[in-house]
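What follows is a single structure, written as structure tokens, with notes after it.
Worth saying up front: this structure is predicted, and the values here are computed from it rather than measured. Every chain is numbered from 1 and lettered A, B, ... according to where its sequence line falls, protein lines coming before strand lines.
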Number of protein chains: 2
Amino acid sequence: MDMEEGTSDSPGHRCDTDPDPWQWDRREDCEVRQILDRIADKWSLLVIALLQGRTLRFTELKRQIDGISQRMLTSTLRQLERDGLIERTVHPVVPPRVDYALTPLGSTLHSTVQALVTWTELNQNEIAAARARYDSAATSRA
Amino acid sequence: MDMEEGTSDSPGHRCDTDPDPWQWDRREDCEVRQILDRIADKWSLLVIALLQGRTLRFTELKRQIDGISQRMLTSTLRQLERDGLIERTVHPVVPPRVDYALTPLGSTLHSTVQALVTWTELNQNEIAAARARYDSAATSRA
DNA sequence: CGGCATCCAGGGAGATACTG
DNA sequence: CAGTATCTCCCTGGATGCCG
């Protein structure tokens, strides 16, 4: 088991592992930071977006997110399952069949995630333009 | 300059570097994935959230996000600047003063990012509970 | 098919020292 | 103050192989 470990902090949140308390805008503690890190994760985002209103199997997810390794997909799914955002259903058939779906909690996240994806789609051209501007300016300086 | 390089793809998006075209729900190309990776970044998210409606200096940001290294903060700010999400203003005074603020484009992202943060705040207890459940179940199995 | 175990490379990220 | 420049370490994540 060299898989990345959840920090498995005991319920009743504390920050014993942290050298000094986080500040984050003076309002948040490390809990929020931790959760944010997880859901704002590169792969988590895609998984959540893909599971909107439907159930997908492991292989289907892997195919759709093409580029993800089975290791990272497994890891990501486990994290999301642990956080209660997705539900994992094992069908005792052979060959094995495992379905993944959003939980009610995960569904509430979806609209937010979708907003992020939509924003990206809408603004990708503007961002590309900004990058071009920035890069050409940098190049001319060099 | 060993700082992480933007992949500096020419404007007019393509995916020559990728061995095979991404699928991502069959609709998206690598551009969106790339941008999503950047804005959904651990630190980017915090920076954007902190810059809502105000201007902050480098050190102020560093203090508020406490836990980030100057290296990562610099890198993050440069990326966001390149993407046209934040604006960097250098005041020619001594000692130097550099202000960071959201651009109009960055401001449009803010509401989305804030939604993510708010969601996390609202649901952190539920997530903590889910983790406790998951972990205790895992422990009892072992 | 779904996933865990192992091995291993690359780069993300920290610590430190130095400049304008 | 606001960075850059190194050097280094470790974790992320890929490749492969095996099992239920």
Using modelled atom types and a 3.5 Å cut-off, is there a donor and acceptor pairing between side-chain atoms of [X] and backbone atoms of [Y]?
| X | Y | value |
| --- | --- | --- |
| A/T74 | A/Q70 | yes |
| B/T112 | A/A115 | no |
| A/T120 | B/I35 | no |

Could you go step by step and tell me if A/I68 and A/L61 meet the side-chain contact (heavy atoms from CB on, under 4.5 Å) rule?
CA-CA 9 Å; A/I68 193 174; A/L61 279 168; over 6 Å; no
How close or far is atom [atom2] of [N] from atom [atom1] of [X], stated in whole angstroms?
| X | N | atom1 | atom2 | answer |
| --- | --- | --- | --- | --- |
| A/R38 | D/dT12 | CZ | P | 10 Å |
| A/M72 | C/dC4 | CE | P | 13 Å |
| B/K62 | C/dA13 | NZ | C1' | 13 Å |
| B/E60 | D/dG3 | CD | P | 13 Å |
| A/Q79 | C/dC4 | CD | P | 12 Å |
| B/I65 | C/dA13 | CD1 | C1' | 15 Å |
| A/L77 | C/dC1 | CG | P | 17 Å |
| A/D99 | C/dG3 | CG | P | 10 Å |

Quick one: is C/dG3 close enough that its OP1 or OP2 comes under 4.0 Å of any side-chain N or O from A/Y100?
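So the side chain of A/Y100 is within the cut-off, an N or O lying under 4.0 Å from OP1 or OP2 of C/dG3.
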Phosphate-side-chain proximity, B/R78 and D/dT4, N/O vs OP1/OP2 below 4.0 Å
yes
Evaluate side-chain contact (heavy atoms from CB on, under 4.5 Å) for A/I39 paired with A/S44, printing each intermediate quantity in order.
CA-CA 6 Å; A/I39 63 181; A/S44 300; 5.6 Å; no
Upstream residue (5' side of DNA chain C) when A/R97 and B/K42 are each assigned their closest nucleotide
A/R97
Nucleotide nearest [X] (side chain, heavy atoms from C-beta), chosen from [options]:
| X | options | result |
| --- | --- | --- |
| A/F58 | C/dG3, D/dG13, C/dG14 | C/dG3 |
| A/R71 | D/dG13, D/dG3, C/dG14 | D/dG13 |
| A/W43 | D/dG14, C/dG3, D/dG3 | D/dG14 |

Filtered N/O pairs between nucleotides 18-20 of chain C and protein, under 3.5 Å:
none

For A/R97, check salt bridge (Lys or Arg N to Asp or Glu O under 4.0 Å) against everything at least two apart and list the hits.
A/D99
Considering heavy-atom distances to DNA chain D, does B/R57 or B/Q70 have its closest nucleotide positioned more toward the 5' end?
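Upstream on the strand: B/R57.
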Quick one: does B/I127's side chain get under 4.5 Å of B/R131's, heavy atoms only?
yes
